[in-house]
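One-based numbering along the sequence shown.
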Amino acid sequence: MWRARRAAEACKVCQSLVNARYAVRGPLPLLRLHLISRSLHHLRPLPARPRRPHLPVSCQPFSSLSHLPLRRWKLSPAKPGYQPRRHFWPARLAARLLRLRYLLLGSAVGGGYTAKKTFDQWKDMVPDLSDYKWIVPDFVWQLDEYIDFEKLSQALPDSESLARLLPDLDKLAGSFSLLKDFFSTGTSGETAFRATDASESDRQFKKGLLGELIILQQQIREHEEEARRAAGRYNAGYSQQKRQVSDKEKVEQLQEELLRTQLKYQRILERLEKENKELRKLVLQKDDKGIHHRHLKKSLIDMYSEVLDVLSDYDASYNTQDHLPRVVVVGDQSAGKTSVLEMIAQARIFPRGSGEMMTRSPVKVTLSEGPHHVALFKDSSREFDLTKEEDLAALRREIELRMRKNVKEGCTVSPETISLNVRGPGLQRMVLVDLPGVINTVTSGMAPDTKETIFSISKAYMQNPNAIILCIQDGSVDAERSIVTDLVSQMDPHGRRTIFVLTKVDLAEKNVASPSRIQQIIEGKLFPMKALGYFAVVTGKGNSSESIEAIRDYEEEFFQNSKLLKTSMLKAHQVTTRNLSLAVSDCFWKMVRESVEQQADSFKATRFNLETEWKNNFPRLRELDRNELFEKAKNEILDEVISLSQVTPKHWEEILQQMLWERVSTHVIENIYLPAAQTMNSGTFNTTVDIKLKQWTDKQLPAKAVEVAWETLQEEFSRFMTEPKGKEHDDIFDKLKQAVKEESVKRHKWNDFAEDSLRVIQHNALEDRSITDKQQWDAAIFFMEEALRGRLRDTEAVLENMVGPDWKKRWMNWMGRTQEQSIHNETKNELEKMLKCNEEHPAYLASDEITTVRKNLESRGVEVDPCLIKDTWHQVYRRHFLKTALSHCNLCRRGFYYYQRHFVDSELECNDVVLFWRIQRMLSITANTLRQQLTNTEVRRLEKNVKEVLEDFAEDSEMKVKLLTGKRVQLAEDLKKVREIQEKLDAFIDALHQEK
């Protein structure tokens, strides 16, 4: 029933779809519906003779099996009694389904071609690894030639023989344990003292190369377990067995065999390391050429070194803010510190001396990996090739020169650090600081405070809680003579960051009577100090010309034959500088990973505090550090120098003329005008004036004019430099501007040919006596009156100071005269009486006149000296002469007509007016000439000098620190440094996390 209902509903749906699709009106017979709809919805058999109605339109059936439209069917109208023909719909459905074969075939052909093309592209991208077939050495597959396993197994005694070896069982177990420690990877606590590489890629590489050695390690462990089981069986029946001498000899033979095997493994491992080093060198060279673009480890250590460099500039005293790890190399003088550092750097890079102090300032050495063995300084782009002896010698000279430059006068050592980067294949990444050797006595030639200075420098570096102390002790001298061990024990009493290194072990083994003393040192039982680990190294035979390779070979040969290793006083991982460098590098990076994030947080807090302080103190100012402030001041100074060229010519000439007259007026009046005015006639006056003017022009006047011009230029330059600019004026630049002005003036030198040209011009100007018009005549009279009035005022001031205040000032200001002033006053009065009697008196007093004046004064009870009379007369006559000359100027105002007639038949002679006109004209022409020299030449030369001074100051950091000071500058400087350090630390931490 439900099936019939659903079929009817489906039939209605189909009819509605067809009616909507083809616009068919009325009901559509079931036979014209789609085959699938008819087969799905009509489950009952249809009537035998269905009626076929007339369809006025043709409809296009819909097919879900193809996106293409099906062929249109043309429906013809049905006639009565029409018998419908049978439709084979399964065949038509199969035919339509078969059309899919074209789609499938096309997809198969296109997909196959695309897959082949993609495969070829990937095949081309795969690198050719045929060049790396030599990565696995041939000798790895020939280990049987180096190790005789049968002989080793035969040398091991059976269980019954081992049962009689109980007294020496611990020693035998120690030998096996030594061999086990040599091959074992170690625990996390021993990582700092294992000869392992910090790189994961290197460990994978060595793991592949040392596969055969691992098999040998397992075999040795099996022998060790067998020996222990035999020892256990022996413990049960020890009371029934006896010891035999032959068994002891077998044990000694076994120990020697184990030592030879261990040394053989050591040589194999060193050979593997050497080949690994060569391989890494080739890889780095290819990386350097751009074949691979991966980040190398050297970039990580270089980033860390840059942080330390910036931090050392910001915090030179190494206060509590600087807790970043570094390896500090300390030791007594000539203990071998520098030699150990050179062995780690694999190059003889430091200056050498026999017993004298060579390390005079700290040297920070950053070791990193690189394709070439080179060294370069932080502030230089020159690379020193460490494989060439010429570059090595040049590097040593440069380091020695920098050390001597850092040491100030009167000192022996300096706390300033020299930063050096050393790159090369196989170098362990770390940062080491070589400090001056600790001394016990100050010798001749050293500063008295040398010992205390070295101690303070060493303590400043070692008090950093994250600094790794590499304590170097000379093994060839008595341990009781060591100074550095006490210093290190004070800085690190628990030995949590100290590594002890005993140098010159070869000399110690020869000279020390008891070898166990060396064992006590290495085990940390002789010195009171504690350390994380102890190492014994040999740094050569004492010959400064030895190469690193020769020293390394000598060190390996010594320890191979040394009794210290044969008798198990030293362990294999405690000897050679190679193991030391690996251990120090591992410990350094462990300390870096533990402390660097904490240091980054501390600098973030410091930055926040500095930014807050700046906002509170300088809210409206931009944060400009010292360099940025210097650039701003430089632009201002250059703008002010350019302003000199904008001064008007009139201003220059007025200033020059005024200053030149002030400088020469005294000479003109005292040495030219006054002597000439004492003559009796105009001819003698003019002759005297011409002679004196000629002498003055030839000798003094040109030099005086150049001097005045130079002083004028300085005053104008200083005025522009120091003149306040209103609200824009920044007093922080005042000291810098003053220093630039003084240095520029000091360097400036006036043109040497200026005096010669001025001499000719001035001489021609003074030779001219022709006054062309009345205006020039009046100007000369005015100039003369001004000059004479100025001299009269000066003379009256001198007289007033000589004779004291007059009666009006004495009564009004309650002032009195001194005895000397009273004597001068009486003398002045007597001389004025004499001048009043003879107004045309000459300039000098006769001897009889002096006697007359003295006796007249003595008659009134005034004792005077002839010299006092002469001095008083000079000022009295000077005042009288100047007053007379001023009255003569008034008369000469109407004398231009007589001048044009050359004073012929005239009692009025105004030759003094002509003299002052000549002087005035000479001053005007000289000022014009000097102005031209200033604007055309000297201002430009001064501007050039200012630029040179600014460039020199820009390169001198000490000068900038000295000239740009104040809280604002220091705060901005600290803020810039802290930001730079924080940014570099964050970048380093990100790179460190990526490497993990």
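- Shown here for Ile919 and Trp661, the closest heavy-atom pair between the two residues is CG2-CZ3, 3.7 Å.
- In this structure, the ring of Phe881 has its center less than 6.0 angstrom from the ring center of Tyr673.
- Looking at residues two or more places apart in sequence or on another chain, you find a salt bridge (Lys or Arg N to Asp or Glu O under 4.0 Å) between Arg860 and Glu826, Glu830.
- In terms of the salt bridge (Lys or Arg N to Asp or Glu O under 4.0 Å) criterion, Glu662 has no residue partners (sequence neighbours excluded).
- A donor-acceptor contact closer than 3.5 angstrom links the side chains of Asn627 and Lys960.
- Of the possible polar contacts, one joining the Ser887 side chain to the Thr884 backbone as a donor-acceptor pair under 3.5 Å is found.
- In this structure, a donor-acceptor pair under 3.5 Å is present between the side chains of His748 and Glu938.
- The backbone N or O of Lys749 lies less than 3.5 Å from a partner atom in the side chain of Arg941, making a donor-acceptor pair.
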Cut-off 3.5 Å, no hydrogens considered: what does the side-chain donor-acceptor table look like for residues 782-793, sequence neighbours left out?
residue: Glu785; atom: OE1; partner: Arg893; partner atom: NH2; Å: 2.6
residue: Glu785; atom: OE2; partner: Arg893; partner atom: NH2; Å: 2.5
residue: Arg791; atom: NH1; partner: Thr666; partner atom: OG1; Å: 3.4
residue: Arg791; atom: NH2; partner: Ser665; partner atom: OG; Å: 2.9
residue: Arg791; atom: NH2; partner: Thr666; partner atom: OG1; Å: 2.8

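- Identified under the side chain to side chain donor-acceptor pair (under 3.5 Å) test for residues 844-853, with sequence neighbours left out: His841-Glu849.
- Under the ring-ring contact (aromatic ring centres under 6.0 Å, His included) criterion, Phe953 pairs with no residue, sequence neighbours left out.
- Among residues two or more places apart in sequence or in another chain, the salt bridge (Lys or Arg N to Asp or Glu O under 4.0 Å) test is passed with Arg404 by Glu400.
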